[in-house]
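Counting starts at 1 for both ligands and their atoms, in listed order. The structure displayed is predicted, hence computed values, not measured ones.
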Amino acid sequence: MKNTVKPISLTQYLVEHQRRNGSIPGDLRLLIEVVARACKRISIAVNKGALGDVLGSAETENVQGEVQKKLDVIANEVLIEANEWGGHLAAMASEEMDDIHIVPHRYPQGEYLLLFDPLDGSSNIDVNVSIGTIFSVLKKLDNGVKVSEADFLQPGRQQAAAGYCVYGPQTTLVLTFGDGVAMFTLDREQGSFMLTHDNVRIAPDTAEFAINMSNKRHWSAPMNRYIDECLAGKEGPRGKDFNMRWIASMVADVHRIMSRGGIFMYPWDKREPEKAGKLRLMYEANPMAFLIEQAGGAATNGKQRILDLQPTKLHERVSVMLGSKNEVDTVTAYHREAG
Ligand code: P6P
């Protein structure tokens, strides 16, 4: 993707965007700037690597039953501490915390809810592969009742904003407020995120798929049908060869799709049939689906639009197929045909 914009700062972008579109009220602008500053701090911690005693296991487990990495815990604490005093939030929810974190009474409460996976792909941390922070912003229900988990259980189409920050060769923040997608690259000399891409668009067709092929024997028939056709290449029903990528860090795989198209899939499989999928709806699939749709792509769970799913639990999981629209439509059609 070539850089086609004047590199203005994130702050200038947010002010000008609000002046132009009115889609970023003051508290939302403050929230995004605070999250961006937290991502800068996380990027610094991530970049220390072995020099900063931040690698390895924290010897604790999260609500998912996953062993937490030290950086998972650090990133979570950075986001909580950065966001609880500003008066823009009522509460937060994180992949790393069982329950919601209500803004303490010593601080003013705002109308927004912030959900995040503080460090997605953390199995890649110790081997120096790109990881990232994913976040989603909802508005508290206007019901005059004290904020609770019920306020968070809104379909993804209700999001006020969503984004991720990928900690890779560059630290890049990708944002949407529901009127397009913009990318900001961290200028470490200035310490500022600078606009490097605006109105990001994903091509509707692609020849690149991302899936963990080692799970193939556990997939459903339509999932196997779609991948088998991709693998059959030019001589097969798709009439073209496909390439494959799998970074095992959703943020990095999605960023590649944002940058050059593609389709990412983490489908249901029969190892744990009671689970809809591996990825989490509220703070992984919903924010990524919002961004992908805003860039002209599509995102389904194989049957329905992800952004239309009505959550029932804070940490519920979902099957995910997202990226170039025509490919997502094809794999979704196969699932629907299979019933
Ligand atoms: P697997 C990372 O743990 C994550 O939640 C996503 O970022 C990533 O796409 C997926 O899991 C990788 O899962 O089973 O391939 O290790």
Kindly state whether the ring of W246 and the ring of F264 have centres lying under 6.0 angstrom apart. yes
Given the rule in the side chain to side chain contact (heavy atoms under 4.5 Å, CB included) test, do M265 and I227 qualify, once you have shown the distances and angles that lead to the verdict? CA-CA 10 Å; M265 295 157 284; I227 293 296; 4.0 Å; yes
Below 30° counts as parallel, above 60° as perpendicular, anything between as tilted: where do the rings of F242 and Y226 land? perpendicular
Residues in side chain to side chain contact (heavy atoms under 4.5 Å, CB included) contact with L10, at least two apart in sequence or another chain: L14, A36, L173, L175, F184, F193
Note: with side-chain heavy atoms under 4.5 Å as the link, the other cluster members for V34 come out as L30
Which parts of the protein, at residue level, reach under 4.0 Å of ligand 1 through a heavy atom? D120, G121, N212, W246, A248, S249, M250, F264, Y266, K278, L279, R280, E284
Please, which pairs that meet ring-ring contact (aromatic ring centres under 6.0 Å, His included) have at least one residue in residues 315-339, sequence neighbours excluded? Y283-H315
